[in-house]
Amino acid sequence: MPLTNQSIERAYTLAKERYAAVGVDTNAAIQRLASLPISVHCWQGDDVGGFENSDQEIGGGLAVTGSYPGKARTPDELRADLEKAFSLIPGQHRLNLHASYADYEGPRVERDELAPEHFQTWIDWAKEQSLGLDFNPTYFAHDKAADGFTLSHEVGAIQQFWIDHGVACRKIGAAMGEAVGSPCITNIWIPDGMKDTPIDRRGPRERLAAALDEIFAEPLDPSFNLDAVECKLFGLGSESYVVGSHEFYLGYAISRKKLLCLDAGHFHPTEVISDKISSVLQYIDRLLLHVSRGVRWDSDHVITLNDELQAIAHELVRGDYLDRVHLGLDFFDASINRVAAWVIGTRCMIKALLLAMVEPTECLREYEATGDFTSRLAMLEEAKTSPSGAVWDYYCLQSQVPVGEAWLQVVRQYEKDVLSRR
Ligand code: RNT
Ligand code: ZN
């Protein structure tokens, strides 16, 4: 029997009562949820390919596996796929672009010469779709990054090229932020590192710090652009040493008043970012998260509603950090339908936030404050089977997006009509 709006509403009414009994206002939770944008990464749509040069290897220690048909080959295709994905996700969100996705007519410009005009189609489209924009310089998939070094390169001319790219990208970010009326986060991640034990760990780090200082030399209006730096522990081919490590960027971000970007897949396999949030926010104003899912050596599986995703969302809500933390996604899977990957991951992120918002946090806090850890544990476990699904369904209904797995049918139809013809 198909689900009717009435049954979704009835289930919600019961759930609302159930939550009210433990002091949780589900209407308020839904309202709060609707105001939270997620920055959806463009690169899930085409396996981090970008539109510069289809023969170029991605490199940078990044690997995208799978050969599912139908990936976007042009900016128009990518935008169409994104529109489809956004139509299946409740709420108003953002798009996170990489510099390698420039879209313009005329002769190709090098990355150090990129300018806002090369992203005008993206800006126009984002305005039309009411999407905020975020941005990233691209320090991979390029001849000048082929030896594994960019901003920390010891050859001055190559390092300078990448510094100029960073400078250009901040200006693009600021133009995006100004155009769409919400600050753009321009996030720097570089692949620099070594496969085997380096002798000189110090030199590249000194060069990186100096290069970043040059990139950030010009102050930009924070209502247009905010700078972030992203750390990583290791990549494919940089197993022994990554120049931009966690300690490097934590220190950099604190001393230079920048945003730190924590990517959930960039740490030791059992190390989690949920526990880092309240530590780094002691010393840093704003945090950017790349919500991702590490599996063994891969840092970028599609996120699922697992313990860590829930722990991240709980930390943000319990700690009242949502106005200081920008939520971005970072995963790429070429072995499943790419539009579905966006929808699955983004819906999971929102579900995790919803679960955190319907937690009886006040009551749990009280138990903790009085040393009643028995009740705290009991309550946390009972909360896991509270009727959050009914609240989620109702939120989807209200947001005019498919309820439950109904979205999959829409993606299947799109696959048939559009993706399979590519
Ligand atoms: C790489 C970083 C980085 C990239 C994107 C494509 O390990 O996570 O954020 O995934 O810039
Ligand atoms: Zn990342």
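Both counts, for ligands and for their atoms, begin at 1 and track the order of listing.
When each of D47, D333, D81, D46 is tested with R338 by the rule side chain to side chain donor-acceptor pair (under 3.5 Å), just one qualifies, namely D47.
Partners of S182 under the side chain to side chain donor-acceptor pair (under 3.5 Å) rule, at least two apart in sequence or in another chain, are R94.
Protein nitrogen, oxygen and sulfur atoms, that is N, O or S, within less than 2.8 Å of the Zn ion (ligand 2) amount to 4.
Remark: R79 qualifies as a cation-pi partner of W122 under the 6.0 Å distance and 45° angle criteria applied to the six-membered ring.
Inter-residue side-chain proximity for W125 and P75 is flagged as unmet; no heavy-atom pair is nearer than 4.5 Å. Considering only heavy atoms from C-beta on, Y249 stays 4.5 Å or farther from K258 through its side chain. Contact of the L151 side chain with the R207 side chain is not registered, since no non-hydrogen atoms from C-beta on lie closer than 4.5 Å.
Sorted by first and then second residue, the ring-ring contact (aromatic ring centres under 6.0 Å, His included) pairs with a member in residues 44-103 read W43-H98, F51-Y101, H98-F140; sequence neighbours excluded.
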Write out each pair where an N or O from ligand 1 and one from the protein are under 3.5 Å apart, with the distance.
from, atom 1, to, atom 2, distance (Å)
ligand 1, 7 (O), K232, NZ, 2.7
ligand 1, 7 (O), H266, NE2, 2.9
ligand 1, 8 (O), E230, OE2, 2.9
ligand 1, 8 (O), D263, OD2, 2.9
ligand 1, 8 (O), H266, NE2, 3.0
ligand 1, 8 (O), D330, OD2, 2.7
ligand 1, 9 (O), E230, OE1, 2.8
ligand 1, 9 (O), E230, OE2, 3.1
ligand 1, 9 (O), H290, ND1, 3.2
ligand 1, 9 (O), D330, OD2, 3.0
ligand 1, 10 (O), D330, OD1, 3.1
ligand 1, 10 (O), D330, OD2, 2.7
ligand 1, 11 (O), H98, NE2, 2.7

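Residues Y12 and T26 have side chains that bring a donor and an acceptor to within less than 3.5 angstrom of each other.
In this structure, Q159 contributes its side chain and S152 its backbone to no donor-acceptor pair below 3.5 Å.
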